[in-house]
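If you're wondering where the values come from, they're calculated on a predicted model, not measured in any experiment.
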Amino acid sequence: MKKIRKYIDNSNLSLFRSIIQIIFFIILVYGGFKAISISEKIPTFACPYNVRTGGTCYLINIQHQLHSEWAGFITWRGISVLTALLTFIGLFIILNKSWCGFICPLGTIQDWLTKLRRLFGVRFSRYNKTSFKSLKVIKYIVLILLLVIPLGMSNSFFGLPKITEDMSAPYCQLCPARTVLPAATGDFTQFYIDFSSTTTIIMTTLAMIITALFFVGSFLKKRFFCFFCPMSALQFLFAKIGLLRLVKVGNKCTSCGNCSRVCDIGINAIADDLENKFIVKDDCMMCFKCVEACPENNCLKVKFTGLTIFRSTDEGFFKRFSKTKDYNITIDRKLSKND
Amino acid sequence: MIKSFFIVLCITIFSLSLEAQVFQTEWLCPYPQQHVKQHVKISGMQKYYAMPGKYGKEKFILWPAKGNSLTEVEYMDSLTVKKSQFYLFSPDREYEKYSLKNTKSGYAFLYDFGKEGYHNAYMINKYLIHDTLFIMISKAERLSHKCRNGHKDVQKKIEPLIYPNLIPFEMIRLRMKPGENYHFLLESGNHVTFKVLHRGKEVKGAEVTFTTNKDWHKTIITNKKGTATFQVPSDYFPSMGELKQKKVSYYLVKAKFTVALDSKDTNSQFKYICYTCTYPGEYIPSQSLYKSSFWAVIVIVVSVLIISIIVIISRSEKNKILSRL
Amino acid sequence: MTKEVSDKLQELKIPELKSSLTSKLKNEVYKAISEIKTTFQDSPEGMKYFLNRYEDLIDDQNKDYKNKKIIATNCIYVPEELIYASGAIPVRICNGFYALDQAGANYLPAKACPLVRSTIGMIDNNYYPFGAEPLMVVNPSSCDQKKKMGEIQTKSNIPIYLLETPPVKDSDDAREYWLKSIIRFKSILEKTSRQKITKSKLKSAINKIYLAQNEFRRFNNLRKNAGIISGTEAITVINTYFFDDIESWTTHLNLLNNELEKKIQIKKQLNSTDKPRIILTGSPSIFPNIKIPLLIEKHGGIVVNDDFCSSTRFLYDTIAVDEWNMYDMIPAIAERYLKPSTCPNLSPNKDRGRKLIETIKEFNANGVVYQSLAGCHLFEIESLNIISLLRQSGIPVLYIEVDYSPENTGQIITRLEAFLESLT
Amino acid sequence: MMEYFIGIDIGSSSIKTVLIDQNASIVNFSVVPTGYSFNKNSENALLQLLSERDLKISDIKSIVSTGYGRKLFKLAQKNISEITANAKGAYIISKLKIKLKTIINIGGQDSKIIIIDDSGKVQNFFMNDKCAAGTGRFLEMVSRNLEIDIENFGNIHFQHHGTPLSINNTCAVFAESEIISLLAEGHNKSGIISGVHHSIAKRISIMANRIGIEDSVLFDGGTALNKGMVAALEDELLKKIYVPEHPQITTALGAAIIAKENDESN
C-alpha cells in the first residue's frame, strides 16, 4: 500500500490531467458522432449548440426550465426543475470543482492557448490583488442575471413588462462556448450577428465581442474565462459538500508562495490562508497544480470521501521540478516508519 | 362550317370545365378556415392542433380541401368526402382505415401524437372521365416528437415510409443530408427533393409542380431516378422590427403521371390511368435574411484589435520592470 | 616588530598580520575539529569529507578556486541562482572565527554583533575561503549592522554592493521593491562577471540548487531519528555549503545520507536516545563557533534541529516555477528569499514562532535553547515574544547570550546543565 | 539498617555538606570556608561530618556534589547543577509550611531566581553571575570597608530609621568608593548598611521583574542569614519572604535528597 501511495505522490499529475482533458474534450465535443451523451445536466460546458455535443451543459437546462410562469413551478414542471437540479448536484459532488480543472472543454482550450503562448515566450498577465478582488464579483452577477431573466421573460416582475422572447437562454447567447465548441467541430454557423431585432443585435454583437475577449484573454492570462464563469459560481454553492476535497494543514505551511505562483487563476488566498482546512476558494478549479508545487510533506492533500488520494511531498516536488539526468543522484527516499 | 366550329368550342369548354372540375387538386390542408380559427389551438411552430375535448386530448388535424391555389382553399364538405377513402399510418407501419370526423372546424382528419416519427395520412379519390381513370391521392406527413423522449437514433425514425400495395402512386420528400433531425425546419433558399413512386418503383417523366401560398409555381419532370429537386423561394420581406424569425409559409407539391394500360385486359372501361399525388409542407424564411456572418467577423476582428491594444498598454508598466530580463 | 622587519615583510608580500592570523585560524579550526572528533566517537564515515573541507578552507595555497570567478555573499538574502547563472561561484563569508572577530574589532564598536565583526575582519584582511579573492562582495541591507558594514572603509579594494532588502514581507509594495532590487542586482552581476544570464543558464543553476536542497531535505528528515547524527556535526556538514563546490557537496551529502539510512535500518529504533532533544534557535552559530551545540551535546542533550539562517533555513525553501522563462523564474527566485523568510529583520514575524512550534512537534523535541549573539539586537528583541509564545504552548526555553570568545563557557555550562536536568 | 546519603555544595565562599538518612531527615550538616584547595577541604569536611556521628565513608549509600567545584570532587558518584539542587532542597524544606513557587538565592559569586512548578521541578530560572553587584561578594567588600562583621549587619540595619541612603552606583567596585565618600561626609554606618541592602534588593527586584515572580517566595543562600537583607528584599518586592532555618545548606540538602531519590529509583 505504501509503495502505491509513494508512486502516486511522486507522479506528474499535470501530465495525467492533460490526458484526462484531451479524453473528455473528445467525448464532450465530438461525442455526438458516436451518439455518446453523458447526461443532459453536466456541471461543465458541453454546448448543445454544437450538434455533435457529447452531453448538455446544465446552464441551458436551468434557463429553459425557469422560463415558465410561477404557477408552472407547482405542477410537474417544478418537479422536473428539482430533479434536474438534483442530478446536477449529484454529478457535481463526485468530482467537486475539478469538473472545471479536468473536464471542461472550454478550460482545455484555454490551457492549450496558454501552451501556445508559452511557445512564443510571451509573458503571462496576472491580476494584482485589488483588481482580483473587484473582478471576482462578476461571475455572481452573471449567475443571478442568468437565473432572473428567464423568470422575467414569462412573469412580469412588479408590473414591469415581460422581457422579450429574443432573450431566451440569455447566458447561452453570450457564452463563448456557443461559438467556440461548434467551431471545434468545424461548424462555424454560430458566428453571426442577428439583425432581426435590436435585442438580438445587441446580444449577438456582445457574444462576438466576448468570443474575441475569450481568445485574447486566455492567450495572455491563464484560465482567463474561468474567472468570470457563472458555472463556477453555481458550483461553489455546493463545493462544501463535495466528495473530492482539497485540504490544507495550516501549520505545516511555510508560506513560501509556490502554490499561489503556479495557480493558473492566480488565487493568493491559498498561500495566505493558514486557518481553515477546506481551502477551495470560489474561483479554484481544483487542478491540483498547487499540491504538485508544494514542497512540504502533507501540507496540501487531495481527499476523496475522507481518503487521501494525492498529497504534497518534498520527494514528489523534487521529482517533478528537478532534472537528474546528467547527475548520478536519484531522488528517492527509503520508506521510513514515520511516513 | 360555323356549326362544326361551334360544337368543337363547346366540347373544349365542357372538357375544360370538366378538366377544371375534375382537375381541381385535392389535398390535405394543414391550416383551418379563417372563421373556425378559435376552435383550434396553435403551437409555437404554427402547427395546428385540435382542442382537447370530444375526441380526447390534443390531436393533429388536417382538413381535406380542393383548389389549385393555396390562398382560396375550398374545404370539402360532407358530400364530396363520402366517396373518398382515408388511410392513416403510424411510424411503425400500423395501418388503420380511417373515417373523417365532423369537428367544429369542419370535416377533418384527427389523429393522436402517438409514436415518435412521421405519421402518414392519405385520402384517395377516383374519377372516371372518358377513357381515363383519374386517381387523386392526397398525402400528408406529420412529425410527432417530444424532446422529453430523448433524441436517440433519430435518422432511423424519420425515414420516409411508403405503402405500395395500398397506395399505388406516391411521392416522398427525401430527408436532408446530413443531420436532419426532429427539429429540422425547411428554410427558403434550401433545396428540397421529391421522389415519385408508382407501386414502389421510381417513375421517370412524371410532372412535379411546386406551388407556394404566394401562387408561385414551378414544374419539373422527374429524371430517371424519379426525383425532382426544387429550390424553396424566399418570399417574406418584413419591414425592420416586424421580422418573425419563424414565420411559417406553406407549399404544395403535386405530381401527375398518366399510365397507358396495355390492350390485353380490355374488359376495363378505360385505357389510361392518370395518377395525381399532393403533398403539403411548411417552410420558414432563411436565416441569411437576418443573420450575417460577415458582420460577425468584422466585430470579432475589431474587438480583438481594441482589446489587444488596451492589454498591451496596461502591461507596458509591468513590462518596464521585467523588460531587462 | 621593528620597522626594518616590517619593511622586509612588506617586500616579501607576506603581510605580517596575515601570517599570525593564519596560524590563529588554523588552530581555531583544528581545535573545533578535534573537539568534534573526541566528543562524537561513532560519527559516520561520510563526515570526514566535510571536516577536511574546513582544513582546505584556511590554507591559501588550495587550488580549488584558483582561476574561478567568485562572488562573496554576506547573507541568506543574496540569490545564489543568479550568481551561478552568471558563471560565478557564490561564497558566503559570514563566519565564526574568533581571530577574525578580533581583527575586525577596530572597525566596529565593542557592542556590535561578532558575526558582522568577523565578516569585516575577513574583508579587511582579504582572507577569503581558499585564498580566492572575490570580484565583489554582496552585502544585503537586512539587519542594520550588516547594512552599515558596507560603508566601512577597509584596506581591501573589493567593491561592496548593497543589495536592498525590504523591511516588511507581507505588503505588495515590499515584494515589488524586492523584485526591482533583484533585477538591478542581476544587471550588476552581469557587468561584474561579464557574462549574460540567460534562461538556460538560470534553469540549470536552479536545477543544481534543487539537487542540493533535495539532499538537504533527506538529511533533515533523517535527523528526526534522534541520535543518528549529532547536532554539531549536522551544523558543520551544512556550513560547508557556504564555500564548497555545490556538486561535490551534494554528492558527498548523498553518500552521508545513504550511510545514515543504512544505520537506521540496522538500529531499527526510532528515537533511540533518552537524552533530552533540543532545538536551537536565534542568532546563527557558524563553524568554528560551534560552542553552544557542542556544550549541549557534551552535557547530556542532543541538538535535533535548528532554525538558523546559517544551516536549516537557507537551504530549506524551494522554488516552484510554472513556466521556465525569465519572467517567471526571476520573480520566483525573489519570492524564495522573502516570503518564507523568518529573519527577525522583517516585522511582523509571525511565521517564525509558528514554524518553530511545528519543527518542535515534528522532531518531538523536549526543549528549545534560544541563543543570541551579544550585540545582535534583532534576535534579542525578538526573543521576548518567541519565548513567551513557546512558554504559552508549554515548551521549556533557555535564553543564553553568546559571543565568539571561547572563554566564558563556565557560566553557560551551569545554565545548560540546569536546563537539561529540568527536561529529563 | 539505616541508609545515609550526603549532599555536598562546593560554593565559591563556603563548602556546605549535609548528611541525611533514608526518610530525608537531616542527621548532620556543616558549613566550612572553601579556602584554596577546596578538594582537600571538602574531603575533610565530609570526614569531619561523619566522625561526629561516628559513621564511616563506607556506610554512605551515595554522595552527590553540586556547586562550582562539583565536577572536580572525586568522591561524589553524581554531580548536578546547583539550580536543580537548590530547587529540590527549598521545595522539600518548605513543603509543609508554604506552597513554594519562587526561590531567591544570593550566593557568594552569583544570585539566582528559580521558578518551580508545584512538583518541585525547575520551570524557569534567571542567573546573574556576570556582575558582582547583588551578590555576597559585595557585602563582604562593604564589611571590609566598614570593619564590621557580616553577621551583625542584620541588627545594625534596623538601628537606622528613615529612608535608607541611596547608593546609586550599580557596579560593586565603584560603589566601594561611593561608600568611602559617604563615610567621609559623616553618615552613620547603619544608614550605609541599609543603603547597601536596598541597592542589592533593587538589583534582585530588576531580575525578578524580568522573570515574573509568583507568590510564596523563599530566600536562601549565605546572605539570607542577614535579617536586614531579608527586610530590604521584602520592601522592594512587596512580598512576604520565607527564610528557612538554615538557609545556607538548602542546596546541599537538595543534592542529598536527589542522591536518595536516584538511589530509590534505580
Side-chain angles (χ1 to χ4, degrees), chain C residues 39 110-111 274-276 278 291-292 295-301 366-375 380-403 405-424, chain D residues 9-12 64-72 78-91 103 105 107 109-117 119-132 135 207 209-212 214 251 254-255 257-259 261-262 265-266:
Chain C
T39 2
K111 280 243 176 339
D274 52 2
K275 292 181 185 166
I278 302 291
K291 195 160 51 173
I292 294 297
L295 285 180
I296 291 178
E297 293 185 324
K298 262 198 189 144
H299 294 86
N366 309 97
V368 170
V369 171
Y370 190 109
Q371 65 165 16
S372 69
L373 287 171
E380 274 163 26
I381 297 163
E382 177 135 290
S383 71
L384 296 181
N385 36 19
I386 292 286
I387 285 174
S388 65
L389 180 73
L390 289 173
R391 283 266 151 71
Q392 271 148 27
S393 41
I395 297 156
V397 193
L398 173 70
Y399 174 78
I400 301 178
E401 231 185 53
V402 181
D403 63 8
S405 65
E407 282 84 25
N408 64 357
T409 53
Q411 281 150 342
I412 292 175
I413 288 172
T414 31
R415 284 185 172 71
L416 283 177
E417 270 199 352
F419 180 63
L420 291 174
E421 275 150 22
S422 76
L423 291 180
T424 45
Chain D
D9 171 10
I10 304 156
S12 55
V64 165
S65 67
T66 183
Y68 283 93
R70 63 182 185 279
K71 285 212 170 50
L72 305 165
K78 189 169 180 312
N79 68 70
I80 49 162
S81 73
E82 57 270 30
I83 291 170
T84 330
N86 194 345
K88 183 60 79 177
Y91 174 68
I103 303 155
N105 176 308
Q109 241 177 343
D110 61 17
S111 48
K112 298 187 275 288
I113 297 184
I114 304 168
I115 309 278
I116 60 170
D117 58 15
S119 72
K121 241 159 114 307
V122 171
Q123 207 177 26
N124 189 1
F125 64 92
F126 188 81
M127 235 170 119
N128 157 32
D129 46 14
K130 281 207 178 60
C131 157
T135 63
M207 277 162 59
N209 301 347
R210 273 292 298 273
I211 197 163
E214 285 143 49
T251 316
I257 286 159
I258 287 176
E261 276 169 5
N262 284 2
S265 64
N266 45 29

Using side-chain contact (heavy atoms from CB on, under 4.5 Å), reason through D:Ser65 and D:Asn79 one step at a time and then give a plain yes or no.
CA-CA 5 Å; D:Ser65 67; D:Asn79 68 70; 3.2 Å; yes

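- Other residues, nucleotides and ligands contribute only 12 or fewer heavy atoms inside 6.0 Å of the CZ atom of D:Arg210.
- Proximity of a side-chain donor or acceptor of C:Lys111 to a complementary backbone N or O of C:Gly375 within less than 3.5 Å is not detected.
- Proximity to chain D is absent for every atom of C:Leu420, based on heavy atoms less than 4.5 angstrom apart.
- Using a 4.5 Å cut-off between heavy atoms, D:Tyr68 makes no contact with chain C at all.
- Heavy atoms of D:Lys88 lying under 4.5 Å from chain C are absent altogether.
- Between C:Lys275 and C:Glu297, no side-chain nitrogen of the basic residue sits less than 4.0 Å from a carboxylate oxygen of the acidic one, so the salt-bridge criterion is not met.
- Listed options D:Val122, D:Asp110, D:Ile80, D:Ile83 were ranked by heavy-atom pairs under 4.5 angstrom with chain C; first place goes to D:Ile80.
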